[in-house]
Amino acid sequence: MSTQSHLQAVREQLPPSMRRVADAILEDPHRILQGTITDLATACATSEPTVVRMCQRLGLAGYTDLRLTLAGELASEQVRRLRLGSTHGADLPADSTLSQIVADIALTEALGIEETAATLDIAELHRAVEALADASMVLLHGISASASAAGDLERKLQRIGRNARCLRDTHDALAAALMGPGQVALGFSHSGSTREVAAVLSQARTAGARTIALTNSVEGPVVAQADIVLRTSVRESTYRSGAMASRSAQLLVVDCMFVAIAQRSRDDTVDALRTTYDALADYRRA
């Protein structure tokens, strides 16, 4: 996981002073290459020891280590920016051309997918696949953009004959309290702090079901209620409110889980896909 992605993953769990430092770095990582630790601490209205503690939170020795790490990351991204003609994570001016918008979104989402694939815990993914494949029922829940990824997995699992339900209304999803052993609740939350998703997982776990979280966060209430945690590695940029890169990374993990589940019973999966495809034949004719 890149330092910038790691920062975004832990941001919500940082104390206010350290969060200001994280936000300053994420907003303009080049400032770290051009300034001193004193400059950064002053700009964030905090102390130099606070900056050092934040670096250590990322597994770095200190500010010098942060500068070296960011220099490597930014140099690598610069090569891609030259090819795509965009600046990853930077605010686009009001007069951006459509081609610039396409290039920026393409780079942001491609980086999110690549970093997620590179850092995805395969052992945890294997545990999640086994739990989902053996489950008598799978309940899926996410809020807003995360609900899209939950709905995508619901459709995929239903296409191969699996009992899966995506409940977008939290009050409906809290029927997780009626779940039991042999069933799985999977919560989607990019921030890892979505209270509604945490509540659904908590109810499912208390009832005896297995719980899985798909999140970008290393901590938080959603992670705390999950038996299995699958983490994306995403840096949202200009279009943060649209949750674009996070959605793409979540869909990558969804597709990996679906293919692995389908592979476990390949013949049955192929038959199910053929049957559901044929059922729609009349609706595909002109």
Side-chain angles (χ1 to χ4, degrees), residues 106 109-110 112-142 145-168 172-173 175-176 178-190 197 200-201 204 208-216 226-234 244-286:
E109 297 202 14
I113 290 172
E114 290 174 5
E115 288 193 27
T116 296
T119 60
L120 188 60
D121 189 325
I122 301 302
E124 284 290 272
L125 179 63
H126 181 72
R127 292 179 64 209
V129 168
E130 286 196 325
L132 292 167
D134 295 336
S136 60
M137 193 273 283
V138 177
L139 187 149
L140 307 156
H141 186 54
S146 289
S148 299
D152 187 75
L153 183 56
E154 175 194 43
R155 286 187 293 274
K156 283 180 165 65
L157 292 177
Q158 288 179 346
R159 282 289 306 277
I160 60 173
R162 302 282 176 164
N163 183 11
R165 297 181 64 197
C166 173
L167 298 176
R168 290 171 170 80
D172 291 337
L178 299 175
M179 297 180 73
Q183 299 180 333
V184 172
L186 198 167
F188 294 72
S189 171
H190 175 70
V197 176
V200 170
L201 293 185
R210 296 287 297 280
T211 56
I212 304 173
L214 177 52
T215 179
N216 201 71
D227 300 314
I228 302 169
V229 180
L230 301 174
R231 291 190 176 90
T232 56
S233 182
V234 172
M244 295 181 179
S246 60
R247 178 198 58 203
S248 298
Q250 286 180 347
L251 289 175
L252 167 69
V253 180
V254 162
D255 287 347
C256 290
M257 288 190 291
F258 170 71
V259 171
I261 292 167
Q263 183 189 50
R264 288 169 60 98
S265 52
R266 190 178 185 282
D267 291 342
D268 290 341
T269 295
V270 172
D271 287 342
L273 290 172
R274 183 183 298 111
T275 299
T276 52
Y277 181 86
D278 291 343
L280 298 172
D282 290 341
Y283 300 96
R284 287 193 295 271
R285 295 170 183 164

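Interatomic distance, Arg231 CZ to Leu120 CG, rounded to the nearest 0.5 Å: 10.5 Å. Taken to the nearest 0.5 Å, the CG atom of Leu280 stands 11.0 Å off from the OG1 atom of Thr275. Distance check: Leu186 CG to Leu201 CG gives 8.0 Å after rounding to the nearest 0.5 Å. With rounding to the nearest 0.5 Å, the separation of CD in Gln250 from CG in Leu230 is 11.0 Å. Taking CG of Leu214 as the reference point, atom CG of Leu140 lies at 10.5 Å (rounded to 0.5 Å). The line from NE2 of His141 to OG of Ser146 is 10.0 Å long, rounded to the nearest 0.5 Å.
Looking at Gln183, its side chain never comes within 3.5 Å of a backbone N or O of Met137 through a donor-acceptor pair.
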Open item on the list: Applying side-chain contact (heavy atoms from CB on, under 4.5 Å) to Arg210 and Ile228, what does each step give before you reach the verdict?
Closed with: CA-CA 8 Å; Arg210 296 287 297 280; Ile228 302 169; 3.3 Å; yes
TODO: Determine, step by step, whether Leu273 and Ile160 satisfy the side-chain contact (heavy atoms from CB on, under 4.5 Å) criterion, reporting the C-alpha distance in whole Å, the side-chain angles of both residues, the deciding distance to 0.1 Å, and the verdict.
DONE: CA-CA 6 Å; Leu273 290 172; Ile160 60 173; 3.9 Å; yes
Open item on the list: Using the rule given for side-chain contact (heavy atoms from CB on, under 4.5 Å), can you reason through Leu139 versus Val200, listing the C-alpha separation, both sets of side-chain angles and the distance that settles it, and then say yes or no?
Closed with: CA-CA 9 Å; Leu139 187 149; Val200 170; 3.9 Å; yes
- [ ] Take Val197 and Phe188, measure what side-chain contact (heavy atoms from CB on, under 4.5 Å) needs, and give me the verdict at the end.
- [x] CA-CA 7 Å; Val197 176; Phe188 294 72; over 6 Å; no
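The two residues Leu125 and Cys256 come nearest to each other via the heavy atoms CD2-CB, 4.4 Å. Closest heavy-atom contact between Met179 and Ala185: CE-N, 3.9 Å. In terms of heavy atoms, Val138 sits closest to Ala135 at CG2-CB, 3.9 Å.
For Ala147, the side chain to side chain contact (heavy atoms under 4.5 Å, CB included) criterion is met by Arg168, not counting sequence neighbours. In this structure Arg266 satisfies the side chain to side chain contact (heavy atoms under 4.5 Å, CB included) test together with Val270, sequence neighbours excluded. With sequence neighbours left out, the side chain to side chain donor-acceptor pair (under 3.5 Å) criterion links Gln158 to no other residue. Take Val259 and apply the side chain to side chain contact (heavy atoms under 4.5 Å, CB included) test, not counting sequence neighbours, and it matches no residue. Under the side chain to side chain donor-acceptor pair (under 3.5 Å) criterion, Glu109 pairs with Ser248, sequence neighbours left out. Residues satisfying the salt bridge (Lys or Arg N to Asp or Glu O under 4.0 Å) test with Asp172, not counting sequence neighbours, are none. Shown here are the side chain to side chain contact (heavy atoms under 4.5 Å, CB included) partners of Ser265, two or more places apart in sequence or in another chain: Arg162, Asp268, Thr269. Listed by chain and residue number, Arg159 satisfy the side chain to side chain donor-acceptor pair (under 3.5 Å) test with Thr276 (two or more places apart in sequence, or in another chain). Under the rule for a salt bridge (Lys or Arg N to Asp or Glu O under 4.0 Å), Glu130 has no partner lying at least two apart in sequence or in another chain. Taking Thr116 as the reference, nothing meets the side chain to side chain donor-acceptor pair (under 3.5 Å) condition, with sequence neighbours excluded.
Side-chain contact between Gln263 and Val129 is absent, with no heavy atoms from C-beta onward closer than 4.5 Å.
Within the structure, the salt bridge (charged side-chain N to carboxylate O under 4.0 Å, His left out) test picks out the following pairs touching residues 249-264 (sequence neighbours left out): Asp134-Arg264, Lys156-Asp255.
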